[in-house]
Amino acid sequence: MWGGRFGSKPDPLMEEINASIDFDRHLYRQDIAASKAHAAMLAKTGIITAQDAKRIAHGLDTILSEIETGKFKFKRALEDIHMNVESRLDELIGSAAGRLHTARSRNDQVATDFRLWVRDAIDRIDAALAAYQRALAQKALTHAATVMPGFTHLQAAQPVTFGHHLLAYVEMAARDRGRFADARARLNESPLGAAALAGTSFPIDRSMTAKALGFTRPMANSLDAVADRDFVLETLAASAIAAVHLSRFAEEIVIWSSSRVGLLHLSDAFTTGSSIMPQKRNPDAAELVRARSGRIVGALTSLLMVMKGLPLAYQKDMQEDKEGTIDALGALALSISAMTGMVRDMKPEVARMKAAAGEGFATATDLADWLTRMLNMPFREAHRVTGKIVAKASAAGVSLDKLPLETMQAIEPRITKAVFNVLTVDASVKSRAVYGGAAPKNVRAQAQAWLKKLKT
Ligand code: ARG
């Protein structure tokens, strides 16, 4: 493969450790597109003839269809996708194939291919996240007034609504999409023309290939162009954060759908049975989403370690950028879609949610707020008085809205029966009308605003 310099074949172990075709074959479409752009530019600048460029383009189209129809034979001996394609091109069109690699190196080639591949992956993930947001916002609209416990420390804290909870994930997904968009904008420059590391002596037109491949401009420094993988790191960092967001919701789904908790019903489509226990319905999809975040975070840490301390410019270490990334971005896209499916199908157990929302004296803050507002008590004092009332209710084994007025008045004589207006869970959520709060009216408006925004 390396022409004149080598006298004997590589050791099989050399071949095995060196080959990347098992995973960089995923880059075939980007590799062919970049080669076509390069060949067209070589012809336009008069570096190769128009006829050779035409043969090359034709041959590359043939290879594309061979790969897509499964007819292409990938060879490990040819190391990677670039050499596999070029060698097949030689078989198909003969000597013109040898002109394609003029003014190019696999170093700028792989950097270009991978930028294109990551860019496509970002676009797929963005579309998946948008669909996920739509499913969440739709369900939030349906359940804008479905009261459930809001939790801190996994204890019922204050009543919120199921819709409000779902919209929290819509916001997180929006920031995730923002991070991917930022990464995409920064990665969208073309390394092509940097060649091995120093640029080329041929009068190529880097702007032409950049434009043909949808890049905004050629990268300004040839060493940087072939030596950095920060675009992968940034995308993996955005992926890791997105995956961590998904894993938190996945965990809630697992907890809420357990028969012990019973706040959520998952559809049969997103649960599995047990081979021994006929009664079981396991939330496997949610568990796997929760687990896959590990692989995604792992891909980020692993590439950070690969890149750390690497001198400029290209080092073969960087070939290790693909396997984990391709796996991680695939895992993320699938996780998002699985979560979208679960969200569409999930049904809150409305009655249990409401009952649970009132457990643990969850309207105690409403009582303290009432004392502050109606009796002009400093909030700290209202907090103390409420604590005493909660202790009474706890001892009597009743919720705050069932505690007799006299019992409350024994602690604070100025309390009137009007207090009962704020002690139910419905009254509590309704009162959270501040911007960003849990009031059903807010939730409905926000869900509608999201659905409108997500249409475009
Ligand atoms: N398969 C290689 C990679 O993914 C392509 C670049 C090879 N360059 C080199 N100088 N050996 O990194």
Side-chain angles (χ1 to χ4, degrees), residues 1-6 9-35 37-38 60 63 67 72 74-90 97-98 100-121 187 190-200 209 213 219 221-233 235-236 299 302-330:
M1 193 163 56
W2 312 119
R5 180 73 176 78
F6 285 76
K9 285 172 67 141
D11 190 282
L13 287 172
M14 178 63 218
E15 201 173 288
E16 185 163 347
I17 196 170
N18 201 31
S20 57
I21 189 61
D22 293 344
F23 41 90
D24 66 18
R25 60 203 287 169
H26 287 277
L27 273 52
Y28 73 88
R29 226 176 307 118
Q30 292 77 14
D31 191 73
I32 288 170
S35 285
H38 184 64
L60 289 169
I63 294 171
I67 296 177
F72 191 90
F74 290 101
K75 297 188 189 120
R76 298 190 96 209
L78 293 170
E79 261 192 58
D80 56 24
I81 185 66
H82 325 297
M83 302 305 280
N84 270 271
V85 169
E86 199 183 316
S87 148
R88 178 67 184 138
L89 189 63
D90 184 64
L100 173 59
H101 214 53
T102 314
R104 187 178 76 169
S105 153
R106 279 189 299 160
N107 295 352
D108 60 340
Q109 196 181 354
V110 73
T112 304
D113 292 2
F114 207 31
R115 274 177 196 261
L116 292 174
W117 188 91
V118 170
R119 194 177 74 185
D120 288 346
L187 77 69
S190 175
L192 208 56
L197 73 165
T200 176
T209 44
L213 295 170
M219 291 181 77
N221 181 291
S222 62
L223 292 169
D224 175 45
V226 295
D228 207 358
R229 293 293 182 269
D230 60 348
F231 67 98
V232 189
L233 291 172
T235 305
L236 287 175
S302 133
L303 186 60
L304 282 167
M305 290 305 101
V306 167
M307 297 307 293
K308 179 200 162 293
L310 271 196
L312 304 190
Y314 179 84
Q315 319 289 339
K316 197 61 177 258
D317 308 51
M318 283 151 64
Q319 176 166 286
E320 292 287 308
D321 61 354
K322 286 168 216 74
E323 197 169 5
T325 304
I326 292 168
D327 173 72
L329 298 188

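Remember, it's 1-based here, ligands and their atoms both numbered in the order they're listed.
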For ligand 1, find each of its N or O atoms that sits under 3.5 Å from a protein N or O atom, and tabulate the pairs with distances to one decimal place.
{"unit_1": "ligand 1", "atom_1": "1 (N)", "unit_2": "Ser20", "atom_2": "OG", "d": "3.4"}
{"unit_1": "ligand 1", "atom_1": "1 (N)", "unit_2": "Asp80", "atom_2": "OD2", "d": "2.9"}
{"unit_1": "ligand 1", "atom_1": "1 (N)", "unit_2": "Gln319", "atom_2": "OE1", "d": "2.8"}
{"unit_1": "ligand 1", "atom_1": "4 (O)", "unit_2": "Lys322", "atom_2": "NZ", "d": "2.5"}
{"unit_1": "ligand 1", "atom_1": "8 (N)", "unit_2": "Asn107", "atom_2": "OD1", "d": "2.9"}
{"unit_1": "ligand 1", "atom_1": "10 (N)", "unit_2": "Asn107", "atom_2": "OD1", "d": "3.0"}
{"unit_1": "ligand 1", "atom_1": "12 (O)", "unit_2": "Tyr314", "atom_2": "OH", "d": "2.4"}

Item to check | Side-chain donor or acceptor of Gln319 paired with backbone N/O of Asn18 under 3.5 Å | outcome: yes
Checklist entry - By salt bridge (Lys or Arg N to Asp or Glu O under 4.0 Å), which residues pair with Asp317, not counting sequence neighbours? => result none
Checklist entry - Pick from Thr112, Val232, Leu329, Asp24: which one makes a side-chain contact (heavy atoms from CB on, under 4.5 Å) with Trp117? => result Leu329
Checklist entry - Charged N to carboxylate O under 4.0 angstrom, Arg106 versus Glu86? => result no
Checklist entry - Which residue pairs pass the salt bridge (Lys or Arg N to Asp or Glu O under 4.0 Å) test when at least one of the two sits in residues 107-118, sequence neighbours left out? => result none
Checklist entry - Mind checking what makes ring-ring contact (aromatic ring centres under 6.0 Å, His included) contact with Phe23, not counting sequence neighbours? => result none
